[in-house]
**Student:** 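I'd like to ask you about the structure that follows.
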Amino acid sequence: MSKGVIQANYVWLNGKLVEWENAKVHVLAQGIHYGIGVFEGIRGYYDNDCIKIFRLEDHMKRFLKSAKIIHLEIPYTLDALINAVIEVVKANNFKTDIYIRPVAFRGPGSIGVRAKNPVEVAVIAFEFGKYLKPTGVKCKISSWRKPPADSLPVYAKIAAMYLLYHLAAVEANNCGFDEAILLDSEGYVAEGSGENIFIVKDGVLITPPTYGAILEGITRDTIMKIATEILGMKVVERRIKREELYTADEAFFTGTAAEITPIVEVDNRIIGDGQIGKVTSQLMELYQKIVRGKIEKYGRWITEVK
Ligand code: PY5
């Protein structure tokens, strides 16, 4: 997403496959003007001559929930959306790891903010590598805050929210950091510009709660399950103070694009010994096995596309 030009052969647009060049939107689309849209980010891993899509159903369920929250009536069922993803992945005949981006937004029609223009839906899939440095990122606490729960629906993965993340990420990069960490409106640690956050303290895994100002990440859920079920760790969901982040034994981000990314520095404070922590590296290794279907217990999370 961050580097290079993305391209593939086909895009699924409003019910059918179209060639990449023809996957177009009208400039009057309300989604462009007001950010009225929702999206998902899903990864597919190329393994054993097929693409293994990770937690496809969970992502598409969240897509429909996000849409419902912002009044976006998606004219497809959950099954039809899942099939659309499979169809576009198959059509592109990928031979590498991929990223899948379902998106729905209001198209052209009227100009007013109260207008409910017809909804357009697309699924874009393309070859994709790492999103953040897997060797560890240096972060800056952003001057941009997460809005309170009565300002924008933080639970929904809505397009408009990503202006905030863009501002935070660009600010961090301009100051020489790799990624931003946003605090909530009360000053507690919320999440990265496209990732949830965890810290390790005295062998306990701690992450901000879902009733806080965070997106309920699917990778976050995966990591909480792996940590308790495989590593036998205690996982606590509670508010995290900025000082606790600075003094954590380990810290890392989770996200579909970021997978598990170690955080090695925050606001010029080195986290732990500045290297990838022990728990972080164990989770990174387990995650890579699980997404490629190498751990049977979690096989239910994988959809194979041949
Ligand atoms: N928080 C925010 C703000 C996110 O955008 C994302 C996902 C997450 C947390 C993690 O959620 P999940 O684990 O369900 O992916 N971000 C997108 C992704 O595909 C990328 C946005 C640029 O990872």
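Counting starts at 1 for both ligands and their atoms, in listed order. As the structure is a computational prediction, the values presented were derived from the model and not from experiment.
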**Student:** Output yes when the distance from some N or O of ligand 1 to some N or O of Lys157 is under 3.5 Å, and no in every other case.
**Tutor:**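 Min N/O separation from ligand 1 is below 3.5 Å for Lys157.
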**Student:** Closer than 4.0 Å to some heavy atom of Tyr131 - which atoms of ligand 1 meet that?
**Tutor:** 22 (C)
**Student:** Once side chain to side chain contact (heavy atoms under 4.5 Å, CB included) is applied, do any residues pair with Glu19, and if so which ones, sequence neighbours excluded?
**Tutor:** Tyr10, Glu21, Asn22
**Student:** Any carboxylate oxygen within less than 4.0 angstrom of a Lys/Arg side-chain nitrogen, looking at Glu216 and Arg62?
**Tutor:** no
**Student:** Could you please spell out the steps behind the side-chain contact (heavy atoms from CB on, under 4.5 Å) verdict for Arg55 and Asp221?
**Tutor:** CA-CA 11 Å; Arg55 300 193 67 167; Asp221 174 72; 2.8 Å; yes
**Student:** Compute the shortest N/O to N/O distance between His59 and ligand 1 and return yes if it is under 3.5 Å, no if not.
**Tutor:**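 No; every N/O pair is 3.5 Å or more apart.
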**Student:** Gly194 versus ligand 1: do any nitrogen or oxygen atoms come within less than 3.5 Å of each other?
**Tutor:** yes
**Student:** Does the N or O separation between Glu191 and ligand 1 drop below 3.5 Å for any pair?
**Tutor:** yes
**Student:** Within the distance-only criterion (no hydrogens, no angle test), does the side chain of Glu127 pair as donor or acceptor with the backbone N or O of Phe94 below 3.5 angstrom?
**Tutor:** no
**Student:** Who's closest to atom 3 (C) of ligand 1 heavy-atom-wise, of Tyr165, Phe39, Phe128?
**Tutor:**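 Comparing heavy atoms across Tyr165, Phe39, Phe128, the nearest one to atom 3 (C) of ligand 1 lies in Tyr165.
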**Student:** At a non-hydrogen distance cut-off of under 4.0 Å, which region of Glu195 contacts ligand 1 (side chain, backbone, both, or neither)?
**Tutor:**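 Only the backbone of Glu195 comes within reach of ligand 1.
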**Student:** Tell me, yes or no, whether the heavy-atom count around Trp301 atom CH2, taken from other residues, nucleotides or ligands under 6.0 Å, exceeds 12.
**Tutor:**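 Yes - once you tally the heavy atoms of other residues, nucleotides and ligands closer than 6.0 Å, there are more than 12.
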**Student:** I'd like to check whether Ser193 has a polar contact with ligand 1, where a contact means an N/O of the residue lying under 3.5 Å from an N/O of the ligand.
**Tutor:** no
**Student:** Mark the output for Arg62 as yes if a heavy-atom distance to ligand 1 is under 4.0 Å, and as no if none is.
**Tutor:** yes
**Student:** May I ask you to check if ligand 1 and Ala257 share an N or O to N or O distance below 3.5 Å?
**Tutor:**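 Between Ala257 and ligand 1, an N or O pair is found under 3.5 Å apart.
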**Student:** Below 4.0 angstrom from a heavy atom of Gly217, which ligand 1 atoms are there? Numbered from 1 as shown, please.
**Tutor:**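 Those qualifying, in numeric order: 11 (O), 12 (P), 13 (O), 14 (O).
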**Student:** Identify the residue among Asn48, Asp47, Asp97 that makes a side chain to side chain donor-acceptor pair (under 3.5 Å) with Arg292.
**Tutor:**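 Running side chain to side chain donor-acceptor pair (under 3.5 Å) over Asn48, Asp47, Asp97 with Arg292 returns exactly one hit, Asp97.
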**Student:** Can you confirm whether His33 is buried at NE2, in the sense that more than 12 heavy atoms of other residues, nucleotides or ligands lie under 6.0 Å from that atom?
**Tutor:** yes
**Student:** Side chain or backbone of Thr256 under 4.0 Å from ligand 1, or both, or neither, by non-hydrogen atoms?
**Tutor:**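 It is both parts that get close, each with some atom under 4.0 Å.
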**Student:** Going by the order shown, which atoms of ligand 1 are within less than 4.0 Å of some heavy atom of Tyr99?
**Tutor:** 17 (C), 18 (C), 19 (O), 20 (C)
**Student:** Taking only heavy atoms of Tyr162, which atoms of ligand 1 are found under 4.0 Å from at least one of them?
**Tutor:** 2 (C), 3 (C), 4 (C), 5 (O), 21 (C)
**Student:** So, the side chain of Asp178 versus the backbone of Lys138: is there a donor-acceptor pair under 3.5 Å, distance only?
**Tutor:** yes
**Student:** So that I know where these two stand, are Tyr99 and Tyr131 an aromatic pair - ring centroids less than 6.0 Å apart?
**Tutor:**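 Distance test on ring centres: not under 6.0 Å, no.
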**Student:** Under 3.5 Å, N or O to N or O, is Ile42 touching ligand 1 that way?
**Tutor:**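 Not met; the criterion fails.
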**Student:** Considering residues at least two apart in sequence or located in another chain, which fulfil the salt bridge (Lys or Arg N to Asp or Glu O under 4.0 Å) criterion with Lys24?
**Tutor:**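 For Lys24, no residue satisfies salt bridge (Lys or Arg N to Asp or Glu O under 4.0 Å) once neighbours in sequence are set aside.
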